[in-house]
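Given the structure is predicted, the values throughout are model-derived calculations rather than measurements.
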Protein chains: 2
Amino acid sequence: MEKEPEHCNVEDALGILVGKWKPIILLHLLQEGTKRFSELKRGMPGITQKMLTKQLRELESEDIIQRVVYPQVPPKVEYSITEYGKSLEPILEAMHEWGTNHTLHKMGKLNQKSM
Amino acid sequence: MEKEPEHCNVEDALGILVGKWKPIILLHLLQEGTKRFSELKRGMPGITQKMLTKQLRELESEDIIQRVVYPQVPPKVEYSITEYGKSLEPILEAMHEWGTNHTLHKMGKLNQKSM
DNA sequence: TCCAATAGTATCCTTTTGTATACTATACCA
DNA sequence: TGGTATAGTATACAAAAGGATACTATTGGA
């Protein structure tokens, strides 16, 4: 790592990953491949249509995911990770690993208190 | 990576790193060691005292940084990364590396357009 | 004729995040 | 006596993120 946090590249990654839903969307698409809108929605209980649409649009405009519309009725729209989007995987993995240990850390603190 | 993004550990990491300022604060403390409040503030032009205080309090309550008050006048308060906080470094590094390539990617797209 | 299904919009609301500005206590120094 | 420095707090406000609910178009099927 360098010595100048000021003009900081970390922010770019954060800008793309930030939000309550984006990382989860990306995990779904990374792990399960192409998905329809309704499949994503079912896989994320709690998200509203508005939020899912918004997050997908933002990810698409960053070239992280791809959106393909099939001209059918009822409509069919498929989302998938782009090659570029796949480059985010190491970050997601680092977070996932850290998150796992974080859980252990929290449990450790609880155990200490109860001793 | 596993197959169940639902109860997802990635969120814990995001919860700690998210915000306009937290990653920058952590980078400062990781790279430059212990810092006083005023030093951090000077190192982050644009941040207000209220925000800096708030972010530091949150990081402290997550056990990511340590706050030491010296009973002096004028006051002196020092902040430093905890051992636990250092465990976030791989995530920050992955983001930093990705951010660097992201810049190249954006420049690549611009070059393509101008051709 | 009416209902279901899909992938959304539109509208309104609450919560969180961030900004701007003013204010505090206290000791040292001129 | 008045200014400077430090690490804040208080107040008011603006903007962004997120949530709840209702609505749309279209076609095939009962």
Side-chain angles (χ1 to χ4, degrees), chain A residues 5-6 8 10-29 32 34-62 64-80, chain B residues 5-6 8 10-26 28-29 32-62 64-80:
Chain A
E6 280 76 18
C8 154
V10 171
E11 306 228 44
D12 291 335
L14 237 353
I16 280 175
L17 255 19
V18 152
K20 190 170 171 183
W21 302 108
K22 276 180 192 160
I24 308 182
I25 294 173
L26 292 177
L27 283 177
H28 273 282
L29 294 179
E32 298 153 35
T34 300
K35 294 227 140 199
R36 295 183 62 170
F37 183 87
S38 54
E39 292 175 316
L40 283 171
K41 190 164 182 307
R42 270 192 294 273
M44 286 181 267
I47 197 170
T48 59
Q49 257 170 330
K50 176 190 161 186
M51 284 311 295
L52 183 52
T53 302
K54 194 184 162 210
Q55 307 302 311
L56 289 170
R57 291 289 189 286
E58 288 175 10
L59 290 170
E60 188 196 359
S61 79
E62 300 272 12
I64 304 296
I65 65 173
Q66 201 189 0
R67 179 171 177 268
V68 178
V69 182
Y70 295 86
Q72 304 176 354
V73 170
K76 177 178 173 182
V77 180
E78 282 185 347
Y79 294 92
S80 54
Chain B
E6 280 76 18
C8 152
V10 171
E11 305 228 46
D12 291 334
L14 238 354
I16 282 176
L17 254 19
V18 153
K20 189 169 170 182
W21 303 109
K22 277 179 191 160
I24 308 183
I25 293 172
L26 291 177
H28 273 284
L29 294 179
E32 298 155 33
T34 300
K35 293 225 141 201
R36 297 182 62 170
F37 183 87
S38 53
E39 292 174 316
L40 283 172
K41 189 162 182 308
R42 270 192 293 273
M44 285 181 269
I47 198 171
T48 58
Q49 256 170 330
K50 178 188 162 187
M51 284 310 296
L52 183 52
T53 302
K54 194 186 163 212
Q55 306 302 313
L56 289 171
R57 290 289 189 285
E58 288 175 11
L59 290 170
E60 188 196 0
S61 80
E62 300 271 12
I64 305 296
I65 65 173
Q66 201 191 1
R67 178 171 179 267
V68 179
V69 182
Y70 296 85
Q72 304 176 354
V73 170
K76 176 178 174 183
V77 180
E78 281 186 347
Y79 294 92
S80 56

Could you check which of [options] has an atom nearest any side-chain atom of [X]?
| X | options | answer |
| --- | --- | --- |
| A/K50 | C/dC12, D/dG8, C/dA7 | C/dC12 |
| A/Q55 | D/dG8, D/dG18, D/dA7 | D/dG18 |
| A/M51 | D/dG18, C/dG18, D/dA7 | D/dG18 |
| B/R57 | C/dT6, C/dG18, D/dT9 | D/dT9 |
| B/T48 | C/dA5, C/dA20, C/dA7 | C/dA20 |

Margin query: Let's test your reading of the model: under 3.5 Å, does the base of C/dA7 pair with the side chain of A/Q49 as donor and acceptor?
Written below: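 Yes.
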Margin query: Counting distance alone, no hydrogens or angles: does the base of C/dT17 have a donor or acceptor under 3.5 Å from a partner atom on the side chain of B/K54?
Written below: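 It does not, because no donor-acceptor pair links the side chain of B/K54 to the base of C/dT17 below 3.5 Å.
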Any side-chain heavy-atom pair from [X] and [Y] closer than 4.5 angstrom?
| X | Y | value |
| --- | --- | --- |
| B/K41 | B/M44 | no |
| A/L29 | A/I25 | yes |
| A/L56 | A/L40 | yes |

Using whole Å, what does the distance between atom [atom2] of nucleotide [N] and atom [atom1] of [X] come to?
| X | N | atom1 | atom2 | value |
| --- | --- | --- | --- | --- |
| B/L52 | C/dT19 | CG | C1' | 14 Å |
| A/I24 | D/dG18 | CD1 | P | 11 Å |
| B/L56 | D/dT9 | CG | C1' | 15 Å |
| A/K35 | C/dT6 | NZ | C1' | 16 Å |
| A/W21 | C/dT16 | CH2 | P | 15 Å |
| A/E60 | C/dG8 | CD | C1' | 14 Å |
| B/E39 | D/dA7 | CD | P | 8 Å |
| A/E78 | C/dG8 | CD | C1' | 16 Å |

Note to self: Students often get this wrong, so: under 4.0 angstrom with heavy atoms, is A/Y70 touching a base, only sugar-phosphate, or nothing?
What the structure shows: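 Nothing: the residue A/Y70, judged by heavy atoms under 4.0 Å, touches no strand.
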Note to self: Categorize A/K20 for me: base, sugar-phosphate, or nothing, with a 4.0 angstrom heavy-atom threshold over every strand shown.
What the structure shows: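 Sugar-phosphate contact only - A/K20 comes under 4.0 Å of backbone atoms but never of a base.
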Check: Honestly, is A/K76 close enough over A/Y70, meaning NZ or CZ under 6.0 Å from the six-membered ring centre and within 45° of the axis?
Finding: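 Yes, A/K76 lies over the aromatic ring of A/Y70.
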Next item on the list: Between B/R36 and A/I47, name the one whose nearest nucleotide on DNA chain D is closer to the 5' end.
Entry: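 Looking at DNA chain D, the more 5' nearest nucleotide goes with B/R36.
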Check: Would you say B/E39's side chain and B/R36's backbone share a donor-acceptor pair under 3.5 angstrom?
Finding: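 Looks like yes, one N/O pair under 3.5 Å.
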Margin query: Please tell me if A/T53 has a side-chain N or O lying less than 4.0 Å from either OP1 or OP2 of C/dG8.
Written below: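 For C/dG8, neither OP1 nor OP2 has a side-chain N or O of A/T53 closer than 4.0 Å.
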Check: Does OP1 or OP2 of D/dG8 have a side-chain N or O of B/R67 closer than 4.0 Å?
Finding: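 Answer is yes, contact under 4.0 Å.
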Margin query: Quick check: on DNA chain C, is the nucleotide nearest A/V73 upstream (toward 5') of the one nearest A/V69, or the reverse? Name the residue that is more 5'.
Written below: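 Checking each residue's closest nucleotide, the 5'-ward one belongs to A/V73.
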Check: Quick one: CG on A/L17 to CD1 on A/I64, what's the gap to the nearest 0.5 Å?
Finding: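 A/L17 atom CG to A/I64 atom CD1 measures 8.5 Å (nearest 0.5 Å).
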